[in-house]
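What you see is a predicted model; the values in this text were computed from it and never measured. Proteins come first, then strands; the chains are lettered A, B, ... in the order of their sequence lines, and each starts at number 1. The figures that follow rest on heavy atoms only: side chains count, while hydrogens, waters and symmetry mates do not.
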There are 2 protein chains.
Amino acid sequence: MSEGLPPRQRILAAADDLFRRHGIRGVGVEAIAEAAGTNKMTLYRHFESKDELIAEWMRGIVSQKDRVWDEMVERHPNDPVAQIVDWSQRTAEALAQMEERGSPILNALAELPEPDHPARKVIDEHRAREHDRLLILCQQAEFPEPELTADQCFFLLEGAKSCVQCIGLKRVGEHLMRLINSMVGARGRELPAAGGSPAPKPARRTR
Amino acid sequence: MSEGLPPRQRILAAADDLFRRHGIRGVGVEAIAEAAGTNKMTLYRHFESKDELIAEWMRGIVSQKDRVWDEMVERHPNDPVAQIVDWSQRTAEALAQMEERGSPILNALAELPEPDHPARKVIDEHRAREHDRLLILCQQAEFPEPELTADQCFFLLEGAKSCVQCIGLKRVGEHLMRLINSMVGARGRELPAAGGSPAPKPARRTR
DNA sequence: TCACTATGTTACCGACCAGTAACATCAGAG
DNA sequence: CTCTGATGTTACTGGTCGGTAACATAGTGA
């Protein structure tokens, strides 16, 4: 799998696999080192503590998601609605990775109650960034209530992530995309009647 | 707080408090017993293991939620839409309890990777039951695509639960209710255009 | 008073785990 | 070849934690 790589990356790959499957607290550093084809000492030569390893793992996951987002932006320039839809599509596809154990980000959040854990900062910033980008897109799309629509997308996405364990993957992905599409008005550019402002404008393509 | 109660209930109350605040793995049985004003031995005389204590704690939470649901049904007989709305309202209010640490159910799910953990069965059954009841209500309300609408409600609710940590409680609760209302058509009895079946019927009051 | 039951107290075991020390090995650069 | 830096190996520490044994205490009902 990751044979030729330097030990640091093998360790991160092994940690990714084990943390996803057994949770953070459920995996010891020894097991990670062994799965990486190395040992505890080299692990500690590359990461100053298990907590730092966790944080670095999270940074990898988060930066990968950010990269996806950037791709979406450059794939649909000046079309915020298409960006939202496409990004949601990617997120829906990513659900497949987490059918058994749920989102590693949400799980990490649950497994790390200490608010000053180094990985917590990574997660919190990432979620804030993601929500901000969504809000900006909703504003660019000139939805009548961008905060509301952004929250709605966010709730749906996060809800799908935490339901993929208990409902089947296929149905979650399908329903999620239909809901996102209808909400964001990809088909007809209408907002679902929300709150009481049923005045959908055609989305103007900004930026 | 729970002074006069028998030790078993004091233990459960202490576990509830500590598990919510510090997570399951983050709290030892000794700490629970001490917080309950007793000791480890009596704890083990009432619960055969920590895992069983966790499961019993979950049973308590789940049965409380089931009770809320039953209340809703008898409060709005023959009006499935009102039941959905009212139940969502209760759920939104329950968000306040979990602003800092999120939903104890979702957290437990993340902290218990072993699929055969006794608490897992409790959680899985509860979520399935909740989704089923929602689906039945959507069918009774004669929404054109009851599965879709039920999933939408479910995603929104679960999403709100997992976002209450990163977005403010007040906004989450408000937006959640506005979305549920608009979706379920409490005001006007229309479904948001979903999927492609824009044929909302007035909900017939069943049962 | 006696006996029974629930609870408190202390001490302990065994397992696991994060992290470190000391030393051996091996590869490449000069 | 030799020096050097990165890696492997082994063994260890200190701490935590789930779970148990053995004994002491207190209340209760007959």
Side-chain angles (χ1 to χ4, degrees), chain A residues 1-58 107-108 110-114 116-120, chain B residues 1-58 107-108 110-114 116-120:
Chain A
M1 185 186 275
S2 49
E3 269 72 62
L5 296 171
R8 183 190 162 89
Q9 313 204 190
R10 293 202 317 261
I11 291 169
L12 281 171
D16 182 61
D17 178 45
L18 294 177
F19 284 160
R20 282 187 131 93
R21 290 219 308 266
H22 309 295
I24 296 174
R25 314 283 270 245
V27 177
V29 285
E30 193 116 37
I32 297 173
E34 194 181 356
T38 177
N39 52 58
K40 210 171 18 168
M41 267 317 298
T42 34
L43 189 152
Y44 277 102
R45 288 187 188 110
H46 286 279
F47 303 93
E48 88 179 340
S49 67
K50 184 185 181 182
D51 288 331
E52 248 315 305
L53 171 60
I54 296 170
E56 194 62 32
W57 169 60
M58 264 298 132
N107 287 345
E111 287 194 89
L112 305 174
E114 318 89 6
D116 52 343
H117 191 287
R120 282 291 293 262
Chain B
M1 184 185 277
S2 49
E3 269 72 64
L5 297 172
R8 184 191 161 91
Q9 313 205 191
R10 294 202 318 261
I11 290 169
L12 280 170
D16 182 61
D17 177 46
L18 293 176
F19 284 159
R20 283 189 131 92
R21 289 217 311 264
H22 309 296
I24 296 174
R25 313 284 269 245
V27 177
V29 284
E30 192 116 40
I32 297 173
E34 195 181 356
T38 178
N39 53 58
K40 210 171 18 167
M41 265 320 296
T42 35
L43 189 151
Y44 277 103
R45 290 191 187 107
H46 287 279
F47 303 93
E48 87 179 341
S49 67
K50 184 185 181 183
D51 288 331
E52 247 317 302
L53 170 60
I54 296 169
E56 194 60 31
W57 169 59
M58 264 299 135
N107 288 345
E111 288 193 88
L112 305 174
E114 317 89 6
D116 52 343
H117 191 287
R120 282 290 294 262

| task | Write down the distance between CG (A/Leu43) and P (D/dT9), rounded to a whole number of angstrom. | result | 15 Å
| query | If you round to the nearest 0.5 Å, how far is CD1 of A/Ile11 from CG of A/Leu5? | reply | 11.5 Å
| remark: When rounded to whole Å, the CZ to C1' distance for the pair B/Phe47 and D/dG19 reads 16 Å
| Protein-nucleotide distance (A/Glu34, atom CD; C/dA18, atom C1'), rounded to Å | 16 Å
| task | Send over the distance from B/Asp51 CG to D/dG18 P, rounded to a whole Å. | result | 10 Å
| message | With a 4.0 Å limit, can you tell me whether B/His46 has a side-chain N or O closer than that to the phosphate oxygens OP1/OP2 of C/dT7? | response | yes
| query | To the nearest angstrom, how far is B/Ile32 atom CD1 from D/dG19 atom P? | reply | 11 Å
| request: Using modelled atom types only, decide if a donor and an acceptor are shared between the side chain of A/Lys40 and the backbone of A/Glu34 within a distance under 3.5 Å. | output: no
| Rounded distance in Å - CG (A/Asn39) to P (C/dC26) | 15 Å
| query | Considering only heavy atoms from C-beta outward, does the side chain of B/Val29 approach that of B/Phe47 to under 4.5 Å? | reply | no
| Under 3.5 Å donor-acceptor, B/Asp16 side chain and B/Phe19 backbone | no
| message | Counting only heavy atoms not in A/Glu30 (residues, nucleotides, ligands), do more than 12 fall under 6.0 Å from its CD? | response | no
| query | Want to settle it: does A/Ile24 or A/Arg45 sit nearer the 5' end of DNA chain C, counting the closest nucleotide to each? | reply | A/Ile24
| query | If you check the A/Pro7 side chain, which of C/dT9, D/dT7, C/dT7 turns out closest? | reply | D/dT7
| query | D/dG8 P sits how many Å from A/Tyr44 OH, rounded? | reply | 16 Å
| message | Starting the side chain at C-beta, find the nucleotide from C/dA21, C/dA18, D/dA22 nearest to A/Val29. | response | C/dA18
| Within the pair A/Thr38 and D/dG8, is there a side-chain N or O less than 4.0 Å away from OP1 or OP2? | yes
| field | 5'-most by nearest nucleotide on DNA chain C - B/Thr42 or A/Lys40 | value | B/Thr42
| said: Measure CD/A/Glu30 against P/C/dC16 and give the value in whole Å, please. | reply: 12 Å
